[in-house]
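Here is the structure we will look at.
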Amino acid sequence: MTEEKKSQIIRKLRKSLFDKFNLNTIDNDALEEVIKQLISDEVKDEYITIEEHIEFSDRLFGAIRGLGILDSIIKDESITEIMINGPKDIFVEKDGALTKLEQTFDDERQLEDIIQKIVGQAGREVTQASPIVDTRLPDGSRVNVVLPPISLNGATVTIRKFSKTPMTVRQLLKYGSITTEVAHVLELLVKAKYNIFISGGTGSGKTTFLNAVSHFIPHDERVITIEDSAELQIEGVDNLVRMETRNANASGSGEITIRDLIKSSLRMRPERIVVGEVRGGEALDMLQAMNTGHDGSLSTGHANSTTDMLSRLETMVLQGSEGLPLEAIRQQIASAVDIIIHLSRLRDKTRKTMEISEITGYEGGRIQVNPIYRFVEDEHSTLEKVSGKLVRTENPFQNDYKLRLSGINEVI
């Protein structure tokens, strides 16, 4: 049976359900029985297989109680991202490649009903008056929604799938993103409370990398995480406080920003502050926290290189306080950030750690960057497959004060 034919049957069954029953008074078990009987009655003149009968039942139940066709798409572990451009165009990312699915929503109304379910589950709202929202699914998957008239294609939804198994350093080693030597160096840096910033482009794996590195945080520390949409998976830390921003309500009040949360976290006796992503004026508050005794802080940011990340930090700080002179901003960045790890998504869709650098200070009007490891492609690389590894540069590691303060005598 074609997908178009299946969709026609589902639409017919869905209409019959709404016409014949008050669905608000039926519990899930009873609804399943009603759906089974309705399918048998409605398609008695059609030949459908047992698998199709189960599919109809799942899709119909999902349309009423779940997220419709999204339920089956989200369950597919091989899908890492879902892109919905209106009710008729659904694209997914599998193994780094984009594919258009045959499944479609019945109409714009059905898609918008599902959007309201998603947004409502996280206690947020999206309307024509406030048509853009960032939220998450119960499993932590990141969701961005844009409604018409802003989105000309119809309601647009982008879902970044959340892995059910937290990323570990062992998996990064398996994927070839880092080497065993680099993993050991990262462990030393985290335990010695270096302030680490992870940079990279969209889809380069910044949050995934941050999740992996966070496993090196000693289990007896008090850690506070701050995010737009909670997706960090820090495990093994008992004294963990997780905080999430909140959008303004329909009347324009009640907004809680990352800046608000960072300021509040400083009064909560944090030993480490982990900010999921810095993208605006909150960069100033993050740097001030790093500079006032909150060592070991971790964060991520969008940039194309290590030097670009430093430039973006300058711009973001200016957003937070336009009156600060550029020299003061650069001195603050140089004093606060110890290590920048830059990630990239290469031409073969793999994600690699491209550079690990230390910030050694501020001199001659510039922030001094000392690359410690760089990714070097080997001779076997092709256009379709990139091979290579992180290689130690000849530059000595200069900022070893925190290592010695922590009683670590190893040379990086």
For [X] versus [Y], what's the shortest heavy-atom pair and its separation?
{"X": "Leu343", "Y": "Ile198", "answer": "CD1-CG2, 3.8 Å"}
{"X": "Met286", "Y": "Leu298", "answer": "CE-O, 3.7 Å"}
{"X": "Val337", "Y": "Ile359", "answer": "O-CB, 3.3 Å"}
{"X": "Ala283", "Y": "Met316", "answer": "CB-CB, 3.7 Å"}
{"X": "Phe397", "Y": "Ile412", "answer": "CB-O, 3.4 Å"}
{"X": "Val237", "Y": "Pro218", "answer": "CG2-O, 4.4 Å"}

Next on the checklist: Is there a side chain to side chain contact (heavy atoms under 4.5 Å, CB included) between Ile340 and Glu355? Walk through the geometry before answering.
Outcome noted: CA-CA 8 Å; Ile340 294 183; Glu355 186 177 297; over 6 Å; no
Next on the checklist: Evaluate Asn211 against Ser214 for side-chain hydrogen bond (donor to acceptor under 3.5 Å, both in side chains), listing each step before the verdict.
Outcome noted: CA-CA 5 Å; Asn211 273 326; Ser214 70; 4.8 Å; no
Item to check | side-chain hydrogen bond (donor to acceptor under 3.5 Å, both in side chains) between Asn153 and Ser151, worked out | outcome: CA-CA 6 Å; Asn153 295 45; Ser151 173; 5.0 Å; no
Next on the checklist: I need the single residue from Leu313, Leu310, Thr300, Ile339 that forms a side chain to side chain contact (heavy atoms under 4.5 Å, CB included) with Phe197. Which is it?
Outcome noted: Leu313
Checklist entry - Per the side chain to side chain contact (heavy atoms under 4.5 Å, CB included) rule, which among Val146, Val126, Leu147 passes with Ile132? => result Val146
Are [X] and [Y] packed together at the side-chain level, in the sense that at least one heavy-atom pair is separated by less than 4.5 angstrom?
{"X": "Val157", "Y": "Leu70", "answer": "no"}
{"X": "Val182", "Y": "Ile356", "answer": "yes"}
{"X": "Val169", "Y": "His215", "answer": "no"}
{"X": "Glu227", "Y": "Arg136", "answer": "no"}
{"X": "Glu112", "Y": "Gln116", "answer": "no"}
{"X": "Lys161", "Y": "Glu77", "answer": "no"}
{"X": "Ser199", "Y": "His342", "answer": "yes"}
{"X": "Phe209", "Y": "Ile178", "answer": "yes"}

Check whether [X] reaches the backbone of [Y] with its side chain - one donor and one acceptor, N or O, closer than 3.5 Å.
{"X": "Asp308", "Y": "Ala303", "answer": "no"}
{"X": "Ser335", "Y": "Gln331", "answer": "no"}
{"X": "Glu282", "Y": "Ile262", "answer": "no"}
{"X": "Glu33", "Y": "Ala30", "answer": "no"}
{"X": "Thr127", "Y": "Ala129", "answer": "yes"}
{"X": "Ser321", "Y": "Leu318", "answer": "no"}
{"X": "Asp338", "Y": "Asn195", "answer": "yes"}
{"X": "Lys193", "Y": "Lys402", "answer": "no"}
{"X": "Arg272", "Y": "Gly296", "answer": "yes"}
{"X": "Arg330", "Y": "Tyr362", "answer": "no"}

How long is the gap from [atom1] on [X] to [atom2] on [Y], to the nearest 0.5 Å?
{"X": "Gln233", "Y": "Leu210", "atom1": "CD", "atom2": "CG", "value": "11.0 Å"}
{"X": "Asn370", "Y": "Thr393", "atom1": "CG", "atom2": "OG1", "value": "6.5 Å"}
{"X": "Arg345", "Y": "Thr350", "atom1": "CZ", "atom2": "OG1", "value": "9.0 Å"}
{"X": "Ile69", "Y": "Ile74", "atom1": "CD1", "atom2": "CD1", "value": "10.5 Å"}
{"X": "Glu327", "Y": "Glu314", "atom1": "CD", "atom2": "CD", "value": "11.5 Å"}
{"X": "Met268", "Y": "Ile224", "atom1": "CE", "atom2": "CD1", "value": "4.0 Å"}

Carboxylate-amine/guanidinium proximity below 4.0 Å for [X] and [Y]:
{"X": "Glu410", "Y": "Lys191", "result": "no"}
{"X": "Glu271", "Y": "Arg222", "result": "no"}
{"X": "Lys117", "Y": "Asp113", "result": "no"}
{"X": "Lys349", "Y": "Glu81", "result": "no"}

Checklist entry - Do Asp260 and Thr257 have side-chain atoms, one donor and one acceptor, less than 3.5 Å apart? => result yes
Checklist entry - Could you go step by step and tell me if Ser204 and Ser344 meet the side-chain hydrogen bond (donor to acceptor under 3.5 Å, both in side chains) rule? => result CA-CA 5 Å; Ser204 60; Ser344 185; over 6 Å; no
Item to check | Chi angles and distances behind the side-chain hydrogen bond (donor to acceptor under 3.5 Å, both in side chains) call for Tyr373, Glu181 | outcome: CA-CA 11 Å; Tyr373 288 91; Glu181 176 189 345; 2.6 Å; yes
Item to check | Test log, rule side chain to side chain contact (heavy atoms under 4.5 Å, CB included), inputs Ile273 and Leu266 | outcome: CA-CA 9 Å; Ile273 299 173; Leu266 298 179; 3.7 Å; yes
Next on the checklist: One pair to check against side chain to side chain contact (heavy atoms under 4.5 Å, CB included): Met290 and Gln332. What are the steps and the verdict?
Outcome noted: CA-CA 10 Å; Met290 291 176 172; Gln332 183 136 309; over 6 Å; no
Checklist entry - Looking at Lys352, Arg347, Lys389, which one forms a salt bridge (Lys or Arg N to Asp or Glu O under 4.0 Å) with Glu377? => result Arg347
Item to check | side chain to side chain donor-acceptor pair (under 3.5 Å) partner of Asn144, the single match among Thr156, Thr135, Thr158, Asp134 | outcome: Asp134
Next on the checklist: Between Met83 and Leu98, does the side chain to side chain contact (heavy atoms under 4.5 Å, CB included) criterion hold? Intermediate values first, please.
Outcome noted: CA-CA 9 Å; Met83 289 145 277; Leu98 291 180; 3.3 Å; yes
